[in-house]
Amino acid sequence: MPPRGAAPWAGPNRQQFVLMAAGLVVTCCIWLVLSGPSGDARGAAPTGMMGRLRASAGRTPACSEQPDCRLEFLGYEPSNWETLWMRKADELKEKICRTMLKGQNRELTDAWMEAMPEVFDGKSVISESAKFQNTSVWSQYMYRNTCGGDVRQPIEPLVGLFRHPTSHGACGRPDRPEFIDHQHDGGGVDESAQTIENKGYMVLQPLSNDTIAALYPGRKYLFDLGTGAWQSSSIAWLTKWYGQKGIVFDEMWGWELKLQNITDYWEQFPAEISEKMHFRNIGVPFAKDAPDNPLNILRRIFRKGDYVVIKLDIDNAPIELALMDQLEDDVISMIGEFYFEQHFDCPELSGAFGKTGVRYAEVYERFTALRQKGLRIHYWP
């Protein structure tokens with residue numbers, strides 16, 4: 001009630017109401033600019049499963065112009081080449097290299113290798129490159145942009161030995177420069193690893209640096225299961241390559257069963273890496289409910305908008321497969337890229353793998369099933 005004798009309150013007139021509304025809008029915009037994107041306690045902006053795209057044209061969008069776009073996974077489409085090998089896996093398992101070195105397989109391998117320098121040049125946007133649109137060679141992940149249009153992201157085909165198709169030590173091709181030329185390994189640190197361990201066949205994160213930054217504004221994590229010393233470690237190669245894509249890891253976890261001289265181990269690491277590193281000189285905990293199981297650590301720390309890379313290569317098949325079987329949908333949705341070397345029976349790799357009891361076709365079954373769930377998985381060499 002108004003004070004006795006005061007005129008009854010009739011509410012704001014139209015002009016007052018407009019001024020009040022305008023003031024609220026201005027206050028909202030100022031608050032958004034000052035507070036930044038909302039998110040968890042670390043400041044990571046919430047995103048959808050694949051992250052969100054935010055418009056940027058050299059200015060801060062007005063409140064009403066803020067887009068809310070994200071990529072929704074639609075499916076995985078193996079290349080024609082990959083499909084043929086998958087169908088004939090049991091037939092080809094005893095003659096993998098002989099088959100890769102002749103006829104159409106040789107021609108498709110040439111197309112694969114001639115496109116790869118773009119992956120590692122630090123400038124090309126692979127998802128937009130004409131060299132990676134050939135569906136005879138490249139397998140594709142398909143997404144829908146919620147703001148309109150479909151997006152395809154290429155990845156290397158699962159064919160042959162699943163690793164580099166021409167390097168010495170695999171299905172060697174002396175006529176190809178990758179046979180001995182280390183620059184085709186993506187500029188790794190250990191230049192002795194240019195043969196069967198050549199990594200220059202993988203189509204890694206194909207998006208532009210700007211798009212990656214927009215899709216994944218949160219923290220960046222690397223899990224290296226089977227890491228080794230710096231000069232020969234996968235951490236050295238992964239941090240170098242992802243750094244070219246603007247992905248600088250905020251934290252890294254490494255497990256290595258082989259006993260290390262801890263002083264020598266840390267002296268090898270650059271300071272900017274070691275200060276972010278959680279190193280465990282033990283075997284990888286793999287019990288599903290173990291708190292230090294890497295996948296459970298990931299579940300605890302992950303927030304939407306984070307980018308996660310996992311590499312698994314510990315040369316212990318029971319533990320590796322136990323962890324692979326724990327890749328449930330919630331974890332898959334958290335992972336940006338995954339690397340795994342699964343040992344299998346084949347004459348060409350019998351010296352390295354021994355007798356595993358794993359059929360060539362089983363590798364196809366596992367990798368294809370995970371790609372079909374949306375996991376961007378590479379066969380690690």
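None of the values given here were measured: they were computed from a predicted structure.
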If you compare all heavy atoms of [X] against all heavy atoms of [Y], which two are closest, and at what distance to 0.1 Å?
X    : Y    : value
A115 : F132 : O-CZ, 3.4 Å
P318 : N316 : CD-OD1, 3.1 Å
V203 : P154 : CG1-O, 3.7 Å
N296 : P291 : CB-O, 3.9 Å
P165 : Y201 : CD-CB, 4.1 Å
A287 : N293 : O-ND2, 3.1 Å

Measure from the ring center of Y360 to the ring center of F162 and say whether it is less than 6.0 Å.
yes

Taking the ring of F340 and the ring of W380, is the distance between their centroids below 6.0 Å?
no

Before accepting this row, confirm whether a basic side-chain N of the pair [X]/[Y] lies closer than 4.0 Å to the acidic partner's carboxylate O.
X    : Y    : answer
E328 : K288 : yes
E118 : K123 : no
D224 : K311 : yes
K258 : D315 : no
E251 : R219 : yes
R152 : E77  : yes

Same cluster or not: [X] versus [Y], using hydrophobic residues (I, L, V, M, F, W, Y) connected whenever any side-chain heavy atoms lie under 4.5 Å apart?
X    : Y    : value
L257 : V284 : no
V358 : F353 : yes
L101 : I196 : no
L84  : L158 : no
L323 : I282 : yes

Any side-chain heavy-atom pair from [X] and [Y] closer than 4.5 angstrom?
X    : Y    : result
M142 : V151 : no
V331 : R299 : yes
M324 : F338 : yes
E362 : F344 : no
T166 : M113 : yes
I310 : V308 : yes
D110 : R173 : yes

Backbone of [Y] reached by a side-chain donor or acceptor of [X] within 3.5 Å:
X    : Y    : result
K276 : F249 : yes
D250 : K220 : yes
D345 : T356 : yes
Q244 : K240 : no
E348 : C97  : yes
S167 : H164 : no
D306 : R303 : yes
D121 : S124 : yes
Y141 : R371 : no
S79  : V137 : yes

When rounded to the nearest 0.5 angstrom, what distance separates [atom1] in [X] from [atom2] in [Y]?
X    : Y    : atom1 : atom2 : result
W81  : S139 : CH2   : OG    : 10.0 Å
K199 : S234 : NZ    : OG    : 7.5 Å
K88  : T83  : NZ    : OG1   : 12.5 Å
W266 : S274 : CH2   : OG    : 6.0 Å
L349 : I96  : CG    : CD1   : 7.5 Å
K245 : L204 : NZ    : CG    : 9.0 Å

After noting the C-alpha distance and the side-chain angles of F223 and V309, does the key distance pass the side chain to side chain contact (heavy atoms under 4.5 Å, CB included) rule?
CA-CA 6 Å; F223 291 77; V309 174; over 6 Å; no

Have Y242 and E337 got a donor and an acceptor in their side chains that come within less than 3.5 Å?
yes

Does one side chain, of Q153 or S127, offer a donor that lies under 3.5 Å from an acceptor on the other?
no

Does the plane of the ring in [X] sit parallel, tilted or perpendicular to the ring in [Y]? Use 30° and 60° as the thresholds.
X    : Y    : value
F120 : W241 : perpendicular
F367 : Y379 : tilted
W138 : W112 : perpendicular

For L238 and L222, what are the C-alpha separation, side-chain angles and deciding distance, and is it a side chain to side chain contact (heavy atoms under 4.5 Å, CB included)?
CA-CA 9 Å; L238 291 166; L222 172 61; 3.9 Å; yes

W85 and its side-chain hydrogen bond (donor to acceptor under 3.5 Å, both in side chains) partner, picked from T99, N105, N80:
N105

Should we count [atom1] of [X] as having more than 12 external heavy atoms under 6.0 Å?
X    : atom1 : result
R144 : CZ    : no
R87  : CZ    : no
Q104 : CD    : no

Stepwise side chain to side chain contact (heavy atoms under 4.5 Å, CB included) test for I377 and I155:
CA-CA 9 Å; I377 183 171; I155 193 169; over 6 Å; no

Sole residue of E197, E341, E156 in salt bridge (charged side-chain N to carboxylate O under 4.0 Å, His left out) with R163:
E341

Quick one: do Y265 and E256 satisfy side chain to side chain donor-acceptor pair (under 3.5 Å)? Show the steps, please.
CA-CA 11 Å; Y265 180 87; E256 176 56 51; over 6 Å; no

Check each of Y339, F286, W255 against L225 using the side chain to side chain contact (heavy atoms under 4.5 Å, CB included) test, and report the only one that passes.
W255

Quick one, Q342 with L321, criterion side chain to side chain contact (heavy atoms under 4.5 Å, CB included). Give me CA distance, side-chain angles, the key distance, then yes/no.
CA-CA 8 Å; Q342 180 168 9; L321 296 182; 3.7 Å; yes

